[in-house]
Structure formats: C-alpha cells, structure tokens
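Notes for the one structure printed next.
Each chain gets a letter, A, B and so on, in the order its sequence line appears, and its residues count up from 1.
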Amino acid sequence: MIPNRFDHTTAAGPIAAKWDDAGCSHAEVSPDKEPYTIVIPPPNVTGALHLGHGLNNTLQDILIRAKRMQGFEALWLPGTDHAGIATQAVVERRLKEQENLTRHDIGREALVQRIWSWKDQYEKRIIGQLKRMGCSCDWRRLRFTLDERCAAAVRATFFDLFQKGLIYRGKRLVNWDTFLQTAVSNDEVENVTRKGHFYHFRYPVIDPKPGEPSHVEIATTRPETMLGDTAVAVHPDPSQAFAKIERELRGKIAQASAKEKSELEQQLEAIQRRQDAMLADLEMLREMAADGRKLMLPLVEREIPLVADEWAKPELGSGCVKITPAHDPNDYEVGMRRSLPMINILNPDGTINSAAPAYEGLTIAQARKQVVADLEAAGLLGDIEDRDIEMPLSDRSKTAIEPYLADQWFVAMDQLAQSAMDAVSSGQVDIIPERYEKGYLDWLGEKRDWPVSRQLWWGHRIPIWSATYDRESEAKQVVAAASEMGASGEVDAKVQADEETGQFSVFVCLRQEDSPLEPKVEALGLERDPDVLDTWFSSALWPHSTLGWPEQTEELAYFYPTSTLCTSRDIITLWVARMVLMGLNNLGEVPFHDVYIHPTILDGNGERMSKSKGNGVDPIDVIDKFGPDALRFGLARLATETQDVRLPVQYECPHCEKLVDQTKKNRTAPVVDCPSCKERFSTQWAETEGHRAFPKAAVVSEKFETSRNFVNKLWNAARFVLMNLDDYQPRPIDVETLPLEDRWLLSRLATVTRQVTEGIDQFKFSENARILYDFAWDEFCSFYVEIAKPRLADDSLRAATQNVMAHGLDTLLRLLHPIMPFVTESIWEYLGQLAPERGLQPAKVSEFAMTASWPTSHAEHFDETIERQFSQFQEVIGAVRKIRASQNIAPRETVPVAIRCDAASQALLDPMKSYFGSLAGAEVVALGPDAKPFATDAPLALPSIDMEVHVDLEKFIDVEAELTRLEKLLGQLVKQIQGKESKLSNENFVSRAPTDVVEKERESLSDLVVQRESVQGDIERLKEKASSN
RNA sequence: GGGCGAUUAGCUCAGUUGGUUAGAGCGCUACGUUGACAUCGUAGAGGUCACAGAUUCGAAUUCUGUAUCGCCCA
C-alpha cells in the first residue's frame, strides 16, 4: 500500500543517489545533439546560501531539466567564487576575534592557508545545499575561481591585455579600507548618514593688500585633512553663480504647488540676503586669487595658493573651500584642473604619516581632535555646527572608507566596453526583462577604466614584476634584457615614465604560471607586485575558463557560447558586462545568448535578506520542514517579471511548531517568547549559556506551506490512479471513440503542454507554476479523477479509463518534473511498476522521470467545442452545489435534480448523468427541454448557456434560507440590470462603441431580465407556500 | 540629483492588445471525514485597484503629475 503522504525526508536522499549513480546530470560532448549550457553564477565561499541563491539555482535547474528532457545535451556547470575581499575579511575578523592576531602577525602564506580551509568548509556546505535542493549540476565538472584551470585563464588574459597595452599603472584616488588595508571598488562602498560636525577654520592671508581680509574662512567635516591641503578655492564668478541659483529657484517656484511655494520663496530670500552680505567679499577674494595671493596653512606652516574654481559654492558655508586633492574625490578633480600638488597624509593603516610630522602616528580620530585643539589654541577656530554627514562605509569591514592616493593597475575600458555595448545593442546578447538593458548600456557607456589591483593576499596574484630607474636608458636596457628571455608570447616588458617623480618604471609580465623565467626576472632586480586581482577579473572569465580555455578543449568548442545566464540584477554591471567583454576579447564570441534577470527576494519588511540582519532563510531549514519540491515550487512561483518579491519570514517554534512572524524587533533578539505556547526559544543571536539553554528555532516562511500541500495533492491523485491500475493493460488510445471527459482531458493537456513549453523558453516561471497548479488541482483532480471513479467501477469503461488516466498522469509528471523533481520521480517509479508501457501509442517509458522525453503538445487534441461543453457541465455542477450549500443539505444526502436545457445540451449531459453523484451528490431525474420545476423547488438559471437547474427540496426545504438566497440573488440582478440599462441608454456608448460590444451588452441585459423575472416568481411562490403552511 | 521598479482583498501576489459582476493562495466564516488527499472537500464574507488630473462611449490597464516604499547610479 502506498503511504498517503509523500515523505520527502526518507524519499529525497535515495532518489538523488539513483540519479547520481546513473549519471543523469552528467553532460558529454555529443556532436549529434544540440548543446544547452548554463554556467552557475558561482556563489561566494564567504558564507552559506540563503533563499536568494535558492531562487537563482531553482530557476536554473528548471531550465536545465526541461532542456535535458527536450533532448538537448544539457550542461549545468557548477562552481564557487573565492570572493577576495569578502572571504579574506571574514577570516581576518575571526583571527582577530578568536586569537587576537592580524594577518601581519601570521604572514601571507599562513593566512592564505587558513582561507583555503575556510573555503573547503563552505564550499562543502554550499554544494550540500545545492544538492539537497535537487540541483542537477554536472558535479564532475565542479570548478573554483582560484583553481589551476581558472588561474591559467586569468594569467593568459592578463598577459594578453598587457601585451595589447590595455593594462597600465596609475595613481588614483581609491576607496581605502584602513582596516583591511586595501582599495575597494565603488560598488563595495555604502554611504550612510551619520551625525557629525561642521568645523569653521580661518587661514591667514600672507601679506594682504590694504582693504583685503587678513584671514579666509573655510569649513570642513573632516578637520584632520587640512594637513594635506594644497589650496583654498573661491568661485571664479560669484555674482553669476548667485544669479544662476536665483534663476533656478524662480523656475521651481513658477511650477510649484502652493505648499512648496512658500518654502522655496524663503530659500530665495535667504540666497538674496546672502548675496547682499557676501558678494563683495567673494569678489575681492576672487581678485586676490587672480593676483596670486597665498595663504599660510596653519599647523603645518605651508604656503598654499588661493585659486579660482567652480567647485567652491558661493551659496554654501563661507563660500570658500579647502582643497585636499589626495583625500577627497572632488578636491582631486580640482587638483587635476589647477595642477596642485597632491599630498598624501595617511599611512595604509589610517594613521597620519610623515607629511605632518607633528601628528605622525595618530589615528584619524586622534588627529582630528588634536588639529581642532591646536587651531583653537592658535585662535583660528570658528564655529562648530552639528550636521548630518554622508560617510562612506566599506561593505566588507564596515569601517569608514578613506579616499587615498595609491598606485593601482587599471584595465583600459574604451574598446572593451564598446564591444560589450555592441553585443547587447545588436541583439547578440538578450537581456530579459529588457528594461535592464538601459542600466547595462549606461554603465558601460561611461567607459571608466577598471582598477583591478586589490591589496589582498587571497586571490590571483598580479603577474607583473617591476623596478624603478632614474634614467630612461637604464630602464630600456632592463626591458631589452627581459624581452630576450623568452618568446613574445611568453614575456612582455614595458617602460612607463612617471611624470611626477621623473623616474622610469619597468614592468615585466610573464605568461605562464610558475614560469621558469621568474627567477631570471628577479635576478634583474625586479620585484613581483604583491597585490592580487579584483575577484571580478576571474569571474569575468567564468563561462570560458570553466570549459578549459585557454586550452582549445572539445568542451569549449561544443558548449561555448553558453545558452543562458540566470542571475540577479545587482551584478549586471559588475559581472555580466565584464563577462561579455572578456568573452569577446578572449574568444571573439559572446559568452551567452540570453541573460535572464530574476527578482530579488525581500523579507516581509521589504528588506533584502541577509544573514547579518537575521532575516536570511537557509534553504535547508525550508527543505527540512516542507521538502525540496515545496521549496522549489514556492520559489518558482515568486519568479514573476517584477524586480522585488516579498517573502515574510517566521521563526518556527521548536516547542509547538507554530510559526512566529519575524519583526524588526525580534529578529535581533537572542531569545523569543512563543506567543502560542508561551515557551521560549533561542535564535541565531543566542550568546550566553542562558540563551542557549532554550532550543533554537529554525527560520522559515509559511509561503512554502501552499506548495507542500500541492505536493501532497499530486501525490494523492497519483495514489488514486495507482490504486486503480492493478489490472492495467496498455492499449492504444483512440481519440475518436472517447467520451467527452477524456477528450476534454486530452484537449486540456495539449493546451497546458504548449503553454508550459513556451513558458520555459520565455522564462515565465511563475506563470508555469500557476498553470500547472491550476490544471493539476482544479481540472485533473477535481474533475477528471472524480469522474473516473464511477467509470472505473464500470467493467465496460474501466480499461479505457485506465489508459487515459495513466497517460494524463504521465504527462503531468513530465511537465512538473523540472519544478518538482523528487515527488514526480517517486511517482514515476510507482507508475512504472504498474504501467511501464503507456501513452497514446503505448511504449516503454524511461527508467527515470528525469531522463524522460518532454511531452509534445498534440494540437489536434485541442477542441474548443469539447472544452465549451465541458465547462457547461462544470457550471451545472456548480449550480447544484450552490443550492445545496444555501440549503445546508447534508453531504450524505442525495438530491433529485431536474435540468431544463436544449436538445444539444441534453445529448451532451445525458451520458454524464452518473457523474452528478460523486461531484454534487445529486441524481438527475429529468433532463431536456421538457424538464419541469419540482413542487418544492430551488431553481438556479444559467442564462448564458440557456439552462435552468432545479433541485427538489421536498425533503430539505428551509424556506427562510431559500428566501434569503433568492433575495440576495435578486438584489445582485437588479444592480446589474441598472448598470446595463444606464450604459445602453447612453447615446455615446451605443453610437461609438463597436457593434459587437453593444450587442453583447444587449444580450446580457435581456438574459438578466429573464432571470430577474424568474427569481421574482420563485420568491412569490415560496412566500405563498410559507404563508399557506 | 538621475535611473529602474512597486503601490490591487487582512497577508503574499496574478491581471494578456482598454470592454459583462477585478482573480488565486494563505488567513477568516459556515457545513462536512465510510478508501486518493483534513497537508482535504463544498459554499461564503472580504476590494474607492495609492492619490489627483487627462484621453476615451468605456481605464486596475494608456498619458501627466503627486505621495509612499525598495533598489541602482552620482
């Protein structure tokens, strides 16, 4: 006997093992088949996966399983990403917390060793998560962005770009993370608003002319940066600047609502007052700047110029701004424009360096205090205002980012970016949904050079050896010596002049990993760059490095370009764009044809899921509770075309198993009181032993409950089918001879198969899930299976019913398999035991659902008339049920029913009379044009199909209930009739709307009127009857 | 400041090119358990489609503006 529940806890493991043993997910080069390839967006080994990854990977698996069934050689290539900064940061933080050591204490090799063991641990966990979700990756091809094959690809690419002159070294202002001591990209910086202060300083003017001020006032939120000031700027044309602001404000006022107007007018007045008060002074300063006046920078006693630059805003502060080119991005621009010196005042660890000897060694915070105190002592400190300041924070270390001038390697993006833009504009790469193309093109269009150095130890080390020389001839000699060491494809050397120092740098790039040339290059006095490459550099190569490039493997020839990339929108620029340009550079071909961008999962409060917030849900917790199929089905339903979806998150109380909504408050609490059973449970924040004494609650979402129920429904429908197949004999299905309900099922299967097949190609995951859910539940279970019950009991119909039923279930299993692989596989096995040969022309099916062929949509089975007729039947059933419910007739009672209809409907319904029993607890006693109401009658008219359904209430009558029902019905009818009448009496509607629409309205109005009269008659009769009793 | 998106039932979401009474799941109410399934069945209640204009005979749907929320970029 088959159990009445699908027990995923015992079933899923063995199923996965069988697939694995049979090599179902392994793909090989098969020239006679068309390839379909997906490379996984490699998850970071920094941490475990949450439901965002769950969604991403479920969708990929749906695609790959469907394509595999469709006969493609389907390869889903798995792997993980080393995630340079993130992973090193995690390991370093642990090192500090647990052993109070820094990376410098243990050294490069030991740190990298520790990160490798971290990687091993998390890679294992991630792969385990994917496997439990049922992901049918080709595990034999598992890759890691830092493995040898990927390293070879990185090396080959870097060398190629270097040789093409697309890699150069430059000083740039970078986002410096003083904790991790590395530059981070803009994308790894998050701006937060903090409370801070706005300090006003006075810088003395050197030798002011008569009438000129003795001091210039500036203001800053970061006082310590004044140590690196190299100028003070004033606007070159303050009066014009004021005029421009006034013009803009007036423009806004003209368009503003009354409410905003007064506020804007106040702003305008303020600007005017300011102009009156300050314009003369600012113009004088402008003249002083033109005249070359200098200021004395206090504390460091450096002469700095007063310059005219538009960065100074007359409307803000004193109208003058200090310029610190080495520590502020805007000031850097001013420095470039005005050729100012750039003085770096920071050591890599964020302490003040020897550029300001009096402050050397102080941290930024200490220096800030000291500078303010010293300026006050010197009488140069003005007001200190409170102010909200925007502060850049490192995503990785959560410490403040310092703009910092450093040597970095860059990839010149001009040509590369253009090629990636062209690939999308020309349609070689399709981004779906299309709206994401804009962001991609805009970002690439800026063609900003890509800084690829990271001052880290975890990553691909930059393969450049360098040295600096005073004389160009000397540098050229070294270049010549290095170039002679190997062929031009092995070694490349360049000289780069440094304008600032007047020195000459020699850069030598080596092509091979562990090249024998390394010691020779080092013997020339060159040193290898200590930095590693940005992680995205190696992930940019992922679609081809994983297939063996730079080797010309047969896998590469066969599986590349890949078919589809499935990812989330936050890395369209960081990753997708870079894969496109690297694929084009290295292979001359785009890496994939379709980029499908799926939604981002938010929690119930609309916030992104993350482990650090506590709202991250581990797919394993959901699988433990609801099963892998429920997880997958639930996630697939979320994948609509929108960009965010909300998934409320709950704790599952370990005592009573009730779900407790997660709120912003309780999600960071170490222990929570269960509101249902009043017991306590702990959370991921539990720290003390006291907390840990309470059992820990899993974090899940009830959204998966529906899906779990669906799995159960499917299981039980299959169980019914299986229980009735003991004497099954395969026989061809002859459509012409089948009764209505069978032909209806085949017609619906044809449509559903077509829709689902199209849905896969159009990435309509949610719609597919809905179509299959509705079909399986509302049609296959609620109607087909119910109708099959009496037929299976009838010996003359049993065999044909078994064949169609087995075929229907078979098709449903195949269509559902990509979304719910485990339960469908399990049923498939049972079905195979009883009906190993099945189908329209019975044939032996494959051993696994996973390897079964995808159903074909039989267009010839689609029959509109049949579907319309069947829906008439469904309407009649619905009418009987409504009457029964309104009369509170007990389900075990069978009610006599009379159906007044035309001859055609009579012919249709006559053979289906016996199904009224199981579907509506009714017995049809009269059917056709002559069917009459009963003496004690409950009627329901179905005017759209010209039928009336009557139920004999002789034994059941509840006059009050019936009157209530009829009067409610009458009310609805009257309302609808009024609406229609007013519509049709509107001359505009009648004359302007298309005639068929008007005609339809007229018809439906007359139907409603007929119905109203009949209901009124029923009410009167009933009232009479009630009063006569 | 710019871009993208969202706003529909208590909650989470559908809603095709404008056209009957705007749908589903969960939750809620009532009734119901004799072999597919209570992880179920049947019926029901529940909506000013964020707001304001415009276009149209007709707008959840098209356009403009506003508000709120989220994300990305500066």
A:His598 NE2 - B:C71 C1' separation (whole Å): 15 Å
Gap between atoms CG and C1', on A:Leu638 and B:C11 respectively (whole Å): 14 Å
Sugar-phosphate only, base, or nothing, as touched by A:Val711 at under 4.0 Å among non-hydrogen atoms: nothing
Partner residues of A:Glu641 under the side chain to side chain donor-acceptor pair (under 3.5 Å) criterion, sequence neighbours left out: none
Can you pull every protein N or O that's under 3.5 Å from an N or O on nucleotides 46-50 of chain B?
none

Short N/O separations, protein against nucleotides 5-8 of chain B, under 3.5 angstrom:
unit_1, atom_1, unit_2, atom_2, d
B:G5, O4', A:Gln643, NE2, 3.3

Sugar-phosphate, base or nothing in reach of A:Thr640, heavy atoms under 4.0 Å: sugar-phosphate
Listed partners of A:Thr751 passing side chain to side chain donor-acceptor pair (under 3.5 Å), at least two apart: none
Partners meeting salt bridge (charged side-chain N to carboxylate O under 4.0 Å, His left out) with A:Lys625 (sequence neighbours left out): A:Glu652
Pair A:Lys764 + A:Glu758, salt bridge at N-O below 4.0 Å: no
A:Glu446 or A:Glu641, whichever maps to the more 5' nucleotide of RNA chain B: A:Glu641
Distance between P atoms of B:C63 and B:U55 (Å, rounded): 16 Å
Pair of N/O donor and acceptor under 3.5 Å linking B:U12 base with A:Arg646 side chain: no
Distance, P atom - from B:U12 to B:A52, rounded to whole angstrom: 23 Å
Touch class at under 4.0 angstrom, heavy-atom based, for A:Glu786 against every strand present: base
Short side-chain N/O contact from A:Arg770 to OP1 or OP2 of B:A14, under 4.0 Å: no
Rounded distance in Å between the C1' positions of B:A45 and B:C31: 15 Å
Residue mapping more 5' on RNA chain B - nearest nucleotide basis, A:Val645 or A:Gly878: A:Val645
Side chain A:Ser766, main chain A:Ala639, donor-acceptor under 3.5 Å: no
Distance in Å, A:Phe822 CZ paired with A:Ile623 CD1, rounded so as to fall on 0.5 Å steps: 7.5 Å
Inter-nucleotide C1' distance (B:U33, B:G41), Å rounded: 10 Å
Test log, rule ring-ring contact (aromatic ring centres under 6.0 Å, His included), inputs A:Tyr596 and A:Tyr436: CA-CA 10 Å; A:Tyr596 169 68; A:Tyr436 293 113; 9.4 Å; no
Side chain to side chain contact (heavy atoms under 4.5 Å, CB included) between A:Val785 and A:Phe780, intermediate numbers included: CA-CA 6 Å; A:Val785 165; A:Phe780 189 73; 4.0 Å; yes
Presence of A:Arg569 side-chain N/O under 4.0 Å of B:G70 phosphate oxygens OP1/OP2: no
Integer angstrom distance from the C1' of B:G70 to that of B:A9: 23 Å
Distance-only donor-acceptor check, side chains A:Thr10 and A:Asp7, under 3.5 Å: yes
Counterpart residues, salt bridge (charged side-chain N to carboxylate O under 4.0 Å, His left out), relative to A:Asp331 (two or more places apart): none
Rounded distance (Å) that lies between atom P of B:G70 and atom CG of A:Asp603: 12 Å
Sugar-phosphate, base or nothing in reach of A:Lys882, heavy atoms under 4.0 Å: sugar-phosphate
Whole-Å distance separating the CG atom of A:Leu792 from the P atom of B:A36: 10 Å
Nucleotide of B:C37, B:C11, B:A74 approaching A:Pro648 most closely (side-chain heavy atoms): B:C11
Watson-Crick and G-U pairing of RNA chain B written in dot-bracket, each distance under 3.5 angstrom, with | for inter-strand partners: (((((((..((((.....[...)))).(((((.......))))).....(((((..]....)))))))))))).
Value in whole Å for how far the P atom of B:A43 lies from CG of A:Leu940: 12 Å
Same-atom distance (C1') from B:G32 to B:C69, integer angstrom: 44 Å
C1' spacing across the pair B:U66 / B:U7, given as an integer number of angstrom: 13 Å
List, with names and distances, any nitrogen or oxygen atoms from the protein found under 3.5 Å away from nitrogen or oxygen atoms belonging to nucleotides 26-35 of chain B.
unit_1, atom_1, unit_2, atom_2, d
B:U33, OP1, A:Arg892, NH2, 3.4

Partners meeting salt bridge (charged side-chain N to carboxylate O under 4.0 Å, His left out) with A:Lys789 (sequence neighbours left out): A:Glu786
Under 3.5 Å donor-acceptor pair, A:Lys713 side-chain atoms to B:C37 base atoms: yes
Spacing of A:Asp778 atom CG relative to B:G23 atom P, expressed in whole Å: 15 Å
Rounded distance (Å) that lies between atom P of B:C73 and atom CG of A:Asp442: 13 Å
Check: A:Arg5 side chain, B:U39 base, donor-acceptor under 3.5 Å: yes
Short side-chain donor-acceptor distance under 3.5 Å, A:Gln802 and A:Asp727: yes
Atom-pair distance (CH2 on A:Trp443; P on B:C73), nearest Å: 10 Å
Main-chain N/O of A:Val823 paired with A:Asp629 side-chain donor or acceptor, under 3.5 Å: yes
Listed pairs under 3.5 Å, donor-acceptor, residues 871-883 of chain A side chains, sequence neighbours left out:
unit_1, atom_1, unit_2, atom_2, d
A:Ser871, OG, A:Arg868, O, 2.9
A:Gln872, OE1, A:Ser905, OG, 3.3
A:Arg881, NE, A:Leu919, O, 3.0
A:Arg881, NH2, A:Leu919, O, 3.0

Whether A:Ser782 side chain and A:Trp777 backbone form a donor-acceptor pair below 3.5 Å: yes
Pairwise C1' distance for B:A14 and B:C26, with rounding to whole Å: 15 Å
Any donor-acceptor pair under 3.5 Å from A:Thr824 side chain to A:Leu816 backbone: no
Chi angles and distances behind the side-chain hydrogen bond (donor to acceptor under 3.5 Å, both in side chains) call for A:Asn56, A:His598: CA-CA 7 Å; A:Asn56 176 258; A:His598 59 70; 2.9 Å; yes
Listed partners of A:Asp726 passing salt bridge (charged side-chain N to carboxylate O under 4.0 Å, His left out), at least two apart: A:Arg798
Protein-to-nucleotide contact annotation, 5' to 3' order, nucleotides 15-22 of chain B [B base; S sugar-phosphate only; - none; under 4.0 Å, heavy atom]: ----BBB-
Short side-chain donor-acceptor distance under 3.5 Å, A:Thr600 and A:Arg569: yes
